Amino acid sequence: MNPSTTSKMRKSFFLFIIAVLFALPALAWPGMPMPKLHVEGRWLMDEDGNKVNLHGFGQTYSPWFNEMNSKWNNYNVSECLKYNKDILDGVLDRAGWKMTYIRMHMDPYWSNKPGVHTTGENDISAFSMDRFKKYLDEVFIPMAEYAISKGLYVVMRPPGVCPEKIEVGGQYHNYLKNVWGYVASQKRLTDNPYVMFELANEPVQIKGTDGVYGAGSDACNKALTQFFQEIVNLMREEGCQNILWVPGTAYQSQYAGFAKYPVKGDNIGYAVHVYPGWYGSDAIEPSHELGGSYGGGYDSFAAGWKNQIEPCAAIAPMLVTEMDWMPSKYQASWGKSITGKMLGSGFGANFKLLADRTGNIGWMLFTGPELLAKYNGRAAVNGNYTMYNDPDACMWPTYHWFEEYAGMSLPEVRNVDLFFSPRGIDSSEETVILTGSSKGAALIADRGIGVDFNIGGDIDVSIEDPRIMKWENNSFTAVRPGETTCEISYTLDGKKQTKSMKFISTPFPLLNGYFNPSIWETGTFDEKTGEISTGQYGFAGWTYGSGLNLSEYDYLICEVENPGGGLSLRLFDTNNYWSDPAMYDFGSRSRIVVDLKKMKSNNSKVAVDPSHLYIIGFWTLGGHKFKVKKIFPSNDPNATAVEAISSSDNTCVDVYNLQGVKVRGNVPAAEATLGLPSGIYIINGKKILIGAL
């Protein structure tokens, strides 16, 4: 054999070996195609300086979570690994999901002593460190390495969930330190740059530095940071430099405190949970942990997001490690809601719009991975939807959104338009906006598959009277009552588009889309007759995402027709229906005068601040119909306001001030006074007083 032939054979053999290694990723270097990630400021970034958001799913390794004890049992490691590797293959290879991370629960099934009774996953009394060490080596690390070989980053969470109450130096704190102290010493994990750790699952309440258990107070925020700072320091001392994801309290929904008291160190992000009904988002049913609400569309969701998520996202990356939604009929999701439309009703589409706009939010579906693995991408025929192809269930839209994130080819855009919230009720020329609230705007594309896609691009706004309206963070915010015109411009396909809109800012419109009869429980509101009823122990009214400022007034006057049914007026200075409001019972009275400067909360008797009221409305026992005749702020407790103009009156009228100047012309009588400043006006020959002189 001549030397040239030998050289060719060696070269062929070398190329063959390289081909085999690339063809068999499970045998190649773990995660070889994946860049190493690190935290830089508020971003998760790769080695080349590219910003990264992860998108993925979760797996839990226990018989019950693996199709309810039907696949393996009795601590059978080989069957557990076989089943879960096959499901992972199904999600990525057979179903073709464009996932980039997996959240792995080191389920206490493995680390609890067999046969020892516990009260749930928050009970650590049966925990065995010896068992945890054994199955970390035999189950969790092998699954992590397999996932990495398939191109997934891995986020590992500790066994179980947090108990209702935790404290610095308490039993559960020490438990987490033991778990993470051992994990941080395991080189198979800490030397692996594709492994990350989520430090706890769903803390609820923490003992604050003032000794009081709770969530969200300044004392609790200080204690929460100390709680996790000690765990972070312990892991770093063991040599673990992996990315760590820190959870918030209230089942991982409270994050504003981290902006003031951040956990210090390198490679720190925050792990958040998002479910329908949380943060003011829309839900079909109240959320499973927080009590929740039915939400108020995009603007309510955006307000809650702004309060809790954005302050934390301004300092560090965030990763959603639990979230899904489906209509209740499918019985296949934790969250119960619909995808809906961006800027409209529903949960999923508004979540994506908010996450994308924040910019540094990665997210996942917590839907069972065995269901994700069965996704086949086939559209419904004749509207015969299943959980897999219903645009209002999470799998169909998320599959396509993940394709979008991955840069895959999508169906061609059929139409792009500029929309405003609440979507579907705004006029092209004039629209009402709640004073103290915001109205989002976005360029939204239709690709013909029943799912909205938000289109990037600048929207430029010029406001005639900035005292009434301001534009920031892709939203209009009504600062005070009145009306103003805005010029809005944007570019599509290289062509500049411009439109003019008049905004009428008013605090108490009795109009569909603004008055919400179902803030809590399902109520009804008839715009034509003005009749309102709440669900049982329900609440109807208005929500002000940016806070309604009534501090320039002394009183809020409300008159109703047909009081009864336990009817009470309630005002909240916290953007949370479950907080402690000021309450005023009507009894048999039809008129209530609220002294805004002397409001006290019902339970704690602390001052309620009129400068930022987030919810105002009416509570009843349920099943009782009433009407709101008047509700207006004033500096005179004896003032009268606009005599009610029937909202069913479509007669067009002119509105004049006392100087005879026409301030509105040919407007429907039902809308004649919306947003007008305080003063006396002439409508149909009658003097009408708005507010107080």
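Bear in mind that the values here come from a model prediction, so they are computed numbers and not experimental data.
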Test side chain to side chain contact (heavy atoms under 4.5 Å, CB included) on Leu152 and Phe57; report intermediate values, then the result.
CA-CA 10 Å; Leu152 296 175; Phe57 69 109; 4.1 Å; yes
Quick one: does NZ or CZ of Lys439 land under 6.0 Å from the six-membered ring centre of Phe420, within 45 degrees of the ring axis?
no
Could you go through the side chain to side chain contact (heavy atoms under 4.5 Å, CB included) check for Gln59 and Val91 one step at a time?
CA-CA 11 Å; Gln59 274 192 314; Val91 171; over 6 Å; no
In the structure I gave you, are the side-chain heavy atoms of Met395 and Leu372 within less than 4.5 Å of one another anywhere?
yes
Let me know which of Asp417, Asp452, Asp446, Asp392 forms a salt bridge (Lys or Arg N to Asp or Glu O under 4.0 Å) with Lys341.
Asp452
For the CD atom of Glu198 and the CG atom of Leu244, what is their distance to the nearest 0.5 Å?
11.0 Å
So Ile166 and Leu176, do their side chains get closer than 4.5 Å, heavy atoms only?
no
I'd like to know if the side chain of Asp107 pairs up with that of Thr60 as donor and acceptor (distance under 3.5 Å, no hydrogens or angles considered).
no
Side-chain donor-acceptor pairs under 3.5 Å in residues 222-232, sequence neighbours left out?
residue: Thr225; atom: OG1; partner: Asn221; partner atom: O; Å: 3.3
residue: Thr225; atom: OG1; partner: Tyr261; partner atom: O; Å: 2.5
residue: Gln226; atom: NE2; partner: Glu230; partner atom: OE2; Å: 3.4
residue: Gln229; atom: OE1; partner: Lys264; partner atom: N; Å: 2.6
residue: Gln229; atom: NE2; partner: Asn233; partner atom: OD1; Å: 3.0
residue: Gln229; atom: NE2; partner: Lys264; partner atom: O; Å: 3.0
residue: Glu230; atom: OE1; partner: Lys177; partner atom: NZ; Å: 2.7

I'd like to check Glu322 versus Arg103 (side-chain heavy atoms, cut-off strictly below 4.5 Å). Are they in contact?
yes
For Tyr279 and Gln308, test the side chains for any donor-to-acceptor distance below 3.5 angstrom and give the result as yes or no.
no
Pair Phe140-Met104, side chain to side chain contact (heavy atoms under 4.5 Å, CB included): steps then yes or no:
CA-CA 8 Å; Phe140 304 128; Met104 291 185 169; over 6 Å; no
What residue pairs, at least two apart or across chains, pass salt bridge (charged side-chain N to carboxylate O under 4.0 Å, His left out) with a residue in residues 236-246?
none
Does the ring centre of Phe347 sit less than 6.0 Å away from the ring centre of Phe301?
yes
So, for Trp325 and Pro397, which heavy atoms are closest and what is the spacing to 0.1 Å?
CZ2-CG, 4.0 Å
For Arg157, which residues count as a side-chain hydrogen bond (donor to acceptor under 3.5 Å, both in side chains) partner, sequence neighbours excluded?
His105
Who pairs with Thr100 by side-chain hydrogen bond (donor to acceptor under 3.5 Å, both in side chains), at least two apart in sequence or on another chain?
none
From Asn360 CG over to Arg42 CZ, what is the distance, rounded to the nearest 0.5 angstrom?
4.0 Å
Are Asn201 and Tyr251 linked by a side-chain donor-acceptor pair shorter than 3.5 Å?
no
Minimum side-chain heavy-atom gap Tyr194-Val154 below 4.5 Å:
no
Residues that Asp93 engages under side-chain hydrogen bond (donor to acceptor under 3.5 Å, both in side chains), provided they are two or more places apart
Lys150
Quick check against the 3.5 Å criterion: does Asn242 have a side-chain atom that pairs as donor or acceptor with the backbone of Leu189?
yes
What side chain to side chain donor-acceptor pair (under 3.5 Å) pairs are there with at least one residue in residues 367-377, not counting sequence neighbours?
Asp324-Thr367
We want to know whether Thr339 and Trp396 form a side-chain donor-acceptor pair, criterion being a heavy-atom distance below 3.5 angstrom.
no
Ring-ring centroid check Phe197 Trp180, cutoff 6.0 Å:
yes
Going by atom types alone, do His273 and Ser253 pair a side-chain donor with an acceptor below 3.5 Å?
no
Which residues pass the salt bridge (Lys or Arg N to Asp or Glu O under 4.0 Å) test with Asp86, not counting sequence neighbours?
Arg94
Got a sec, which residues hit side chain to side chain contact (heavy atoms under 4.5 Å, CB included) with Cys220, two or more places apart in sequence or on another chain?
Ile206, Ser217
Over 60° means perpendicular and under 30° means parallel, so tell me whether Trp278 and Tyr275 are parallel, tilted or perpendicular.
perpendicular
Using the side chain to side chain contact (heavy atoms under 4.5 Å, CB included) criterion, which residues pair with Asn66? Sequence neighbours excluded.
Trp72, Tyr83, Asn84
Per side chain to side chain donor-acceptor pair (under 3.5 Å), Ser438 is matched among Ser546, Ser421, Ser475, Ser300 by Ser546
Evaluate the side-chain proximity of Pro369 to Leu88: yes if any heavy-atom separation is below 4.5 Å, no if none is.
no
Please evaluate residues Tyr399 and Trp97 with respect to the criterion ring-ring contact (aromatic ring centres under 6.0 Å, His included), reporting the C-alpha separation (whole Å), side-chain torsions for both, the decisive distance (0.1 Å), and the verdict.
CA-CA 6 Å; Tyr399 189 91; Trp97 285 87; 4.9 Å; yes
Hey, does Glu487 have a side-chain heavy atom less than 4.5 Å from the side chain of Val461?
no
Going through the distances and angles, do Tyr61 and Leu81 end up as a side chain to side chain contact (heavy atoms under 4.5 Å, CB included)?
CA-CA 9 Å; Tyr61 308 122; Leu81 296 179; over 6 Å; no
So, the side chain of Asn454 versus the backbone of Leu443: is there a donor-acceptor pair under 3.5 Å, distance only?
no
Taking the side chain as everything from C-beta on, heavy atoms only, tell me whether Phe476 gets closer than 4.5 Å to Cys486.
yes
Is a donor from one side chain sitting under 3.5 angstrom from an acceptor on the other, for Gln254 and Thr249?
no
Any idea how Tyr175 and Tyr172 line up, ring-wise: parallel (<30°), tilted (30 to 60°), or perpendicular (>60°)?
tilted
Going by the rule side chain to side chain contact (heavy atoms under 4.5 Å, CB included), which residues pair with Lys495 if we only count those two or more places apart in sequence or in a different chain?
Gln497
With rounding to the nearest 0.5 Å, note down the distance linking CG in Asp137 to CD in Gln186.
6.0 Å
Quick check with a 6.0 Å cut-off and a 45 degree axis cone: is Arg423 positioned over the face of Tyr298's six-membered ring?
no
Qualifying residues under side chain to side chain contact (heavy atoms under 4.5 Å, CB included), relative to Ser489, sequence neighbours excluded:
Asp460, Lys496, Thr498
Side-chain touch Gln241/Met235, heavy atoms, less than 4.5 angstrom
no
Please tabulate, one pair per line, all N/O donor-acceptor pairs under 3.5 Å involving side-chain atoms of residues 404-416, not counting sequence neighbours.
residue: Glu404; atom: OE1; partner: Lys352; partner atom: NZ; Å: 3.1
residue: Tyr405; atom: OH; partner: Asp356; partner atom: OD1; Å: 2.7
residue: Tyr405; atom: OH; partner: Trp363; partner atom: NE1; Å: 3.2

Run the ring-centre check on Trp245 versus Tyr270 and record whether the distance is less than 6.0 Å.
no
Verify salt bridge (charged side-chain N to carboxylate O under 4.0 Å, His left out) between Lys51 and Glu40, making sure each step is shown before the conclusion.
CA-CA 9 Å; Lys51 298 170 182 175; Glu40 189 172 322; over 6 Å; no
